[in-house]
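Scope of the values below: all heavy atoms of this structure, side chains included, with no hydrogens, waters or symmetry mates. In what follows, chains carry the letters A, B, and so on, assigned in the order in which the sequence lines appear, proteins first and then strands, with residues in each chain numbered from 1.
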Amino acid sequence: MTTEELRTMLCEMRVEDSAHLLLGATLVSPIGSCLITEVEAYGGADDPGSHAYRGITPRTEPMFGPAGHAFIYFTYGNHWMLCITAHDREDAAATLIRAGKPLSGLEEMKSRRAKAKSEHDLLTGPGKLTQALGIDKQYNELDLLNPKNELYILPTKEVIKYPVIDVRVGLAEGKGEHTPWRFLHPDYIQDTSLPRPRI
DNA sequence: CTAGAGATGGGCT
DNA sequence: GCCCATCTCTAGC
């Protein structure tokens, strides 16, 4: 699959299928790269757990834009979250990158994550991953399917046939907390964030 | 190992 | 003012 073929698929697929497709892909930044081991899907007007649930705002605008671009937002006073926008229909959608396995730039990632107690702690969480890879608002809305950009994604060589599926993390009651839109790479289940998947 | 709570600041109800 | 798609530290097994 080429990046342009991935773009076409993201445009046409439901967001939960896009999330599944992004498992096992490679995320590259100027700091280093990683294999994507955990993702979550977020929708729009039908998804009370999504920031886009109440419609478009300056912050959520990228979720309503073209597929394959970065949606990066700040939360909890400390953390940047990286999402990849999904389908090009009227409604919003994006996939949150929650965890990864380091592929290159290990030393640079360690120096950016001084508080990590082990290599396992480097990318096992959405805020940890952006900190380790140097991802912040500067890349918001960037086209992630153009390898000429500083931040981009390379498609997985083989689609993960049987992802581990779980409910999404951190959603309050009534916010779609039972929707099974968390996908984990079965071969790297140790490289995913807490809480542990229920399976 | 687990559970609980504090930190922290931008967005919006 | 309240709400977070979180991380880290501490206390207690």
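Following chains of ILVMFWY side-chain contacts shorter than 4.5 Å, one cannot reach A:Met63 starting from A:Trp80, and the two form parts of different hydrophobic clusters.
Aromatic ring centres of A:His51 and A:Tyr42: separated by at least 6.0 Å.
Residue A:His51 places at least one side-chain N or O under 4.0 Å from the OP1 or OP2 atom of C:dA5. Side-chain nitrogen and oxygen atoms of A:Arg54 include none within less than 4.0 Å of the OP1 or OP2 phosphate oxygen of C:dC3.
A:Thr60 contributes no side-chain N or O that, together with a main-chain N or O of A:Ile56, makes up a donor-acceptor pair within less than 3.5 Å. A donor-acceptor pair is defined here as one N or O able to donate and one able to accept, closer than 3.5 Å; no such pair exists between the side chain of A:Asn149 and the backbone of A:Leu142. Proximity of a side-chain donor or acceptor of A:Asp47 to a complementary backbone N or O of A:Gly49 within less than 3.5 Å is detected.
Distance from the side chain of A:Phe74 is smallest to B:dG10 among C:dT6, B:dG10, B:dT8. If you check C:dC7, C:dC4, B:dA7 against the side chain of A:Lys175, the one that comes closest is C:dC4.
One interatomic measurement links the two molecules: CG of A:Leu82 to P of C:dT6, which rounds to 14 Å at whole-angstrom precision. The OH-P distance, from A:Tyr42 to C:dC4, rounds to 12 Å in whole Å. Taking atom CD of residue A:Gln131 and atom P of nucleotide C:dT8, one finds them 7 Å apart after rounding to whole Å. Spacing between atom CZ of A:Arg113 and atom C1' of C:dC7 amounts to 8 Å, rounded to whole angstrom units. With rounding to whole Å, A:Tyr73 atom OH is found 15 Å from B:dC12 atom C1'.
The local environment of CZ in A:Arg14 is sparse, with at most 12 non-hydrogen atoms from other residues, nucleotides or ligands closer than 6.0 Å.
In the model, A:Gln190 has no side-chain atom that pairs as donor or acceptor with a side-chain atom of A:Tyr188 under 3.5 Å. For the residue pair A:Ser193/A:Glu38, the side-chain donor-acceptor check at 3.5 Å is satisfied.
Screening A:Asp88, A:Asp143, A:Thr2 against A:Arg7 for a side chain to side chain donor-acceptor pair (under 3.5 Å) leaves a single residue, A:Asp143.
Looking at A:Tyr76, its side chain has no donor and acceptor atom pair within 3.5 Å of the base of B:dA7.
Residues from residues 84-95 of chain A lying near DNA chain B, meaning a heavy-atom separation below 4.0 Å, are absent. In the region residues 56-71 of chain A, proximity to DNA chain B at under 4.0 angstrom, judged on heavy atoms, holds for A:Thr57, A:Arg59.
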Query - Bracket string, DNA chain B, 5' to 3' - pairs by Watson-Crick or G-U geometry under 3.5 Å, | interstrand - result: |||||||.||||.
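Residue A:Leu82 holds its CG atom at 7.5 Å from OG1 of A:Thr130, rounded to the nearest 0.5 Å.
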